[in-house]
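What follows is a short report on a single structure.
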Amino acid sequence: MRQTQETKQVRGTPPMSVSPVRGAARLLAVGAGLMLAPAALAQPTRATEENRASMDRFFPLSESAATPPTYVRAETAGQTTSSDATQGYGISQRLEFVVVKGLSLRVGAEMRNATYGFTPSAQAKYQFWRQEEHGLNASAGLRYKQQGFQSTGGEAEAFFAAGKRFGNVLATANFVVGRELSSPEGDVEGHVGLGYLVMENLVVGLNTRYQHEFETEKAGRHPGREFELMTGGMVGYGFDIVELSLLGGYYMPRASNSSGPMAMLRLGLNF
């Protein structure tokens, strides 16, 4: 009997009420979660849009108007050329770091022929316009190369790059001014690229680079043309962190009257 009465008493005990403070805390936590969820979802979406808008990095002859889509980007490129008089090749290796948003630093080395071996290069680039905010990507920077366009005494360059994506169409353009450090010569460059995205990770198009020298002293001017032209069709494909670009086309070397075919392959890794 006593046990039955105790059981009835327990069953009849009114339920405990929730503390007003705990209830308010739960409401605040739920509200904060609802507010932060869209922002958390927007971060990957925004990163994806930036990556899609900066796909001009697939053009092997041009400088991208955007900083790399990740914090570290490594590039290895090789090219071969053939003209009526000579055949040549080149190899380059670059490593680019995004220090802060919009600012990247690059170091590298290139070999244009076996005579001088690998020569170092360095670059700083700042992206001041972004397509999702300003309608196009735009950047400017400074570059140093130990082997210049006209000599082996080193060259300093200043460049401007712009690029834009129109749906499935990509367009990019560069303008570069270089100055030899050991002589009064210099050069100007123009780069253009136009591509079409067959898929989100596959682009085909055209890429052209034109360099023209200028000299303040005319003595000892070389024979042949004063400019260099590389142009051709390209295809680029990206898979996960790997990006491949292949260009095949036409080459007109400086200081020569000959011309011929060229090919270029570039491998990019985004970490």
Side-chain angles (χ1 to χ4, degrees), residues 56 59-65 77 79-92 94 106-126 128 138-163 171-194 206-232 234 247 249-262 264:
D56 57 351
F59 293 100
L61 295 176
S62 302
E63 177 72 29
S64 173
Q79 72 178 45
T80 178
T81 59
S82 178
S83 63
D84 300 335
T86 61
Q87 293 185 349
Y89 66 91
I91 303 172
S92 66
R94 299 172 179 174
R106 178 194 296 169
V107 292
E110 62 178 351
M111 181 172 62
R112 300 183 192 174
N113 53 60
T115 304
Y116 302 105
F118 281 93
T119 56
S121 63
Q123 174 183 292
K125 179 172 69 175
Y126 181 70
F128 51 88
S139 62
L142 298 173
R143 183 185 300 131
Y144 168 78
K145 297 184 293 186
Q146 183 172 310
Q147 185 176 0
F149 181 54
Q150 302 184 52
S151 72
T152 59
E155 181 180 14
E157 295 180 337
F159 65 88
F160 171 80
T172 187
N174 296 174
F175 178 73
V176 187
V177 178
R179 180 74 177 185
E180 302 286 337
L181 300 181
S182 60
S183 61
E185 289 80 18
D187 65 277
V188 292
E189 299 179 33
H191 307 230
V192 291
L194 185 65
L206 300 171
N207 198 194
T208 299
R209 183 179 73 190
Y210 176 84
Q211 292 180 265
H212 197 288
E213 67 180 25
F214 62 83
E215 301 182 23
T216 56
E217 294 182 359
K218 303 297 183 181
R221 179 178 291 274
H222 59 77
R225 61 179 66 93
E226 299 176 357
F227 66 87
E228 177 180 276
L229 175 68
M230 291 184 174
T231 185
M234 56 80 60
L247 181 141
Y250 189 67
Y251 175 58
M252 299 176 67
R254 165 189 166 270
S256 173
N257 291 317
S258 63
S259 58
M262 66 157 293
M264 184 173 185

Are [X] and [Y] side-chain neighbours, meaning at least one heavy-atom pair lies under 4.5 Å?
X: Pro184; Y: Arg179; answer: yes
X: Phe159; Y: Gln123; answer: yes
X: Leu229; Y: Thr208; answer: yes
X: Ser64; Y: Lys125; answer: yes
X: Gln79; Y: Leu247; answer: no

Might you point out which heavy atoms bring [X] and [Y] nearest each other, and give the distance in Å?
X: Ala156; Y: Leu181; value: CB-CD2, 4.1 Å
X: Tyr144; Y: Gln146; value: OH-CA, 3.6 Å
X: Ala65; Y: Gly163; value: CB-N, 3.3 Å
X: Phe59; Y: Thr172; value: CD1-CG2, 3.8 Å
X: Asn174; Y: Ala161; value: ND2-CB, 3.3 Å
X: Asp187; Y: Phe214; value: N-CE2, 3.2 Å

Would you find a donor on one side and an acceptor on the other, under 3.5 Å apart, between the side chain of [X] and the backbone of [Y]?
X: Arg254; Y: Glu226; value: no
X: Thr119; Y: Glu110; value: yes
X: Thr80; Y: Tyr89; value: no

In Å, rounded to the nearest 0.5 Å, how long is the span from [atom1] of [X] to [atom2] of [Y]?
X: Phe128; Y: Ser139; atom1: CZ; atom2: OG; answer: 6.5 Å
X: Ser92; Y: Met264; atom1: OG; atom2: CE; answer: 6.0 Å
X: Glu213; Y: Glu189; atom1: CD; atom2: CD; answer: 12.5 Å
X: Ser82; Y: Gln87; atom1: OG; atom2: CD; answer: 4.0 Å
X: Met262; Y: Met252; atom1: CE; atom2: CE; answer: 13.5 Å
X: Tyr210; Y: Met230; atom1: OH; atom2: CE; answer: 14.0 Å

- prompt: Should the pair Arg143-Glu63 be classified as a salt bridge under the 4.0 Å nitrogen-to-oxygen rule?
  reply: yes
message: Any carboxylate oxygen within less than 4.0 angstrom of a Lys/Arg side-chain nitrogen, looking at Arg209 and Glu228?
response: yes
- request: Evaluate side-chain contact (heavy atoms from CB on, under 4.5 Å) for Gln147 paired with Phe118, printing each intermediate quantity in order.
  value: CA-CA 9 Å; Gln147 185 176 0; Phe118 281 93; over 6 Å; no
query: Is there a donor in the side chain of Asn207 and an acceptor in the side chain of Ser62, or the other way round, less than 3.5 Å apart?
result: yes
